[in-house]
Protein chains: 2
Amino acid sequence: MTHGRLADRVPDLAALELLLAVARLGSLGRAARETGISQPAASGRIRGMERMLGVALVERSPRGSTLTDAGVLVTDWARRVVEAAEAFDAGAEALRGRRDSRLRVAASMTIAEYLLPGWLVALRARRPGTAVSLLAGNSAAVAERLRAGEADLGFVEGIALPAGLSGAVVARDRLVVVTAPAHPWARRRAPLDAGELAVTPLILRERGSGTRQVLDAALAAHGGLAEPLLELASTTAVKAAVVGGAGPSVLSELAIGEELASGRLVEIPVGDLDLHRALRAVWPTGHRPTGPARDLLGLTRP
Amino acid sequence: MTHGRLADRVPDLAALELLLAVARLGSLGRAARETGISQPAASGRIRGMERMLGVALVERSPRGSTLTDAGVLVTDWARRVVEAAEAFDAGAEALRGRRDSRLRVAASMTIAEYLLPGWLVALRARRPGTAVSLLAGNSAAVAERLRAGEADLGFVEGIALPAGLSGAVVARDRLVVVTAPAHPWARRRAPLDAGELAVTPLILRERGSGTRQVLDAALAAHGGLAEPLLELASTTAVKAAVVGGAGPSVLSELAIGEELASGRLVEIPVGDLDLHRALRAVWPTGHRPTGPARDLLGLTRP
DNA sequence: CATGAGTCATAACTCCAGATTATGCCCTCA
DNA sequence: TGAGGGCATAATCTGGAGTTATGACTCATG
């Protein structure tokens, strides 16, 4: 980390949105109007970004503004930030949503964290104005909500479908054995085998997490999981412990994309074990999703 | 899009960073110290986020603060925003970098847009303080810089290695035929074949883009590309035109992940055409990368 | 050419979000 | 029982970002 806070070196969201608008509309004034500020304010903000970044972003001319070469790149990077912010917003809105929402979703943590916000952004684009409420919990809690009629659609990551529920696979996920790069396993030439994994104490989430259930079931033939090395409350805490070299763990590939790409974590292949798992949308048997629930379901498998 | 600007509904980056610090450190005061503000300021900011989101995020107690259930979710979503901002920051810093940087990188647009920022974040984590400068252009420009000694490492997406350069494949990419969901091709049952693709006018980037070269070469046996329907200057403009229903296009899968997931674009399978392409790191033959260039190269294939 | 409709920049003023310091209460632990 | 860590409230300050008003420039057009 360079010294100096990130916020001092990255323009705020309003400025990034403004830049996207300028790129799209080709004029500071039009972008200003679209974002609801005055033209001088827009001009100033863009100028401020250019000063902050030390690079000219837009070419101003008496008949409009176009992006410079650097501006094109910056705008693309800005778009990623704005997209992440949109996912945040969609998720937060659902979290705030009250009981009377038109679509009440219950989802397991992994799905709520990594997949649902994107789906909600898409739903918002396709069916604007759909009020969504979100409740996150483990598979049992999701099933309970559905059976009690307190949720219209659920998402779970277990192996078996909870009793009384029907479902459809909406995505696949794979559990991955990971260690810090310095761990001895990272230097193995032969893949790990299931027996070794079963006898090794791992860093895991608390009992009841979907990840842990699937893993335990997959290792059943080898005696099941060893007693955990550490039990932590959140996936993030587990990742931090593994990166810190505390020991190996098994995590969803959804959770570790960034860490693998940057080399902070290393994947350890396992020879004789299939750790794929299905992520399912679920609903009470007999109550096929309708209305907004059906819309959302439709989005999850393009 | 809901009315009301995104920036009014998503906390600013400083607040999100603060939240991550609270999650990590378990105390408002410690998080405040780490982020360089006073404890009351931190308390106020968190309170402000909770008011903005309408959800309690942290459980305050006389011996520290821990995240609520909702807080865990929000923190995870916040982390995505912060990571995107870090990529933005790393990219922007490189863009601003001057000639005397320790590592001068030249990259094609696609790589500079989608892959390089992540690599730079990782490089910064592993070799803090490496000054990087970035220059983006097409393959020919990258090759020119390298031969002139004005860049230490290049990244290109062409088919053939430019003369005088050696390289190593660092990633693979696939070109994808896409249309809006309403386009007739989206309702086909049989995959498209190369002959059809070759005679169909497409929406494309301007001549000279790596994507267009690869596509033209792949279709050479079928008479090459038809005259384009539209020629646009940026990938973003192409995407917007396709989403708007102007016609089909062929784009890198790196560029359209979000649009495919949300259903704004539809992938059209092509039966008899392999549109994979290699993304390569390149350097002048005989000058194997050393120092920072070697560090960066090492990061690109974990 | 003169005019009007675009564009963007500059200037003067206002205002509030978010910072600071100072302080108090609460809990825990030695 | 006092010390220390943790959080909240209160009073105050300030700078960034907004606003309106205006001017300069370019271009299409009658």
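Here the structure is a predicted model, which is why all the values come from computation and not from measurement. Below, chain A is the first sequence line, B the second, and so on; all start at residue 1.
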Original post:
Phosphate oxygens OP1/OP2 of C/dT7: is one of them under 4.0 Å from a side-chain N or O of A/R60?
Top reply: no
**OP:** Among B/T68, B/L19, B/L67, B/V58, find the residue that satisfies the side-chain contact (heavy atoms from CB on, under 4.5 Å) test when tested with B/V74.
**Re:** B/L19
Subject >> side chain to side chain donor-acceptor pair (under 3.5 Å) contacts touching residues 22-34 of chain B (sequence neighbours left out) >> reply: B/R24-B/E34
Subject >> Interatomic distance, B/M49 CE vs C/dA17 C1' [rounded to whole Å] >> reply: 16 Å
**OP:** In whole angstrom, give the distance that lies between atom CZ of B/R45 and atom C1' of C/dC16.
**Re:** 14 Å
Subject >> Main-chain N/O of B/R212 paired with B/R205 side-chain donor or acceptor, under 3.5 Å >> reply: no
Subject >> Counterpart residues, side-chain hydrogen bond (donor to acceptor under 3.5 Å, both in side chains), relative to B/E83 (two or more places apart) >> reply: none
Original post:
Of all residues at least two apart in sequence or in a different chain, which pass the ring-ring contact (aromatic ring centres under 6.0 Å, His included) check with B/W77?
Top reply: none
Original post:
In whole Å, what is the span from the CZ atom of B/R47 to the P atom of D/dA10?
Top reply: 11 Å
Original post:
Nucleotide by nucleotide, 5' to 3', does protein get under 4.0 Å of the base (B), only the sugar-phosphate (S), or neither (-) in nucleotides 19-30 of chain D, counting heavy atoms?
Top reply: BBB----SS---
Original post:
Quick check: are there more than 12 heavy atoms from other residues, nucleotides or ligands sitting under 6.0 Å from CG of A/D12?
Top reply: yes
Subject >> Atom-pair distance (CG on B/D8; C1' on C/dC16), nearest Å >> reply: 14 Å
Original post:
With a 4.0 Å cut-off on heavy atoms, is A/R33 in touch with a base, just the backbone sugar-phosphate, or nothing at all?
Top reply: sugar-phosphate
Original post:
C/dT7 phosphate, OP1 or OP2: any side-chain N/O from A/S61 under 4.0 angstrom?
Top reply: no
**OP:** Any chance you could measure B/L115, atom CG, to B/L120, atom CG, to the nearest 0.5 Å?
**Re:** 11.0 Å
Subject >> N/O donor-acceptor pair under 3.5 Å between B/R102 side chain and B/T130 backbone >> reply: no
Original post:
Which ones in residues 64-73 of chain A lie close to DNA chain C, meaning a heavy atom under 4.0 Å from one of its atoms?
Top reply: A/G64, A/S65
**OP:** Rounded off to whole Å, could you give me the CZ-to-P distance for the B/R5 and D/dA17 pair?
**Re:** 18 Å
Subject >> Protein-nucleotide distance (A/E50, atom CD; C/dC8, atom C1'), rounded to Å >> reply: 13 Å
**OP:** Give a yes or no on whether A/E206 atom CD has more than 12 heavy-atom contacts from other residues, nucleotides or ligands under 6.0 Å away.
**Re:** yes
Subject >> Separation between OG1 of B/T35 and CD of B/E17, rounded to the nearest 0.5 Å >> reply: 8.0 Å
Subject >> Enclosure of B/N138 CG (heavy-atom neighbours >12, cutoff 6.0 Å) >> reply: yes
**OP:** Please work out which residues in residues 12-31 of chain A have a non-hydrogen atom less than 4.0 Å from an atom of DNA chain D and list them by number.
**Re:** none
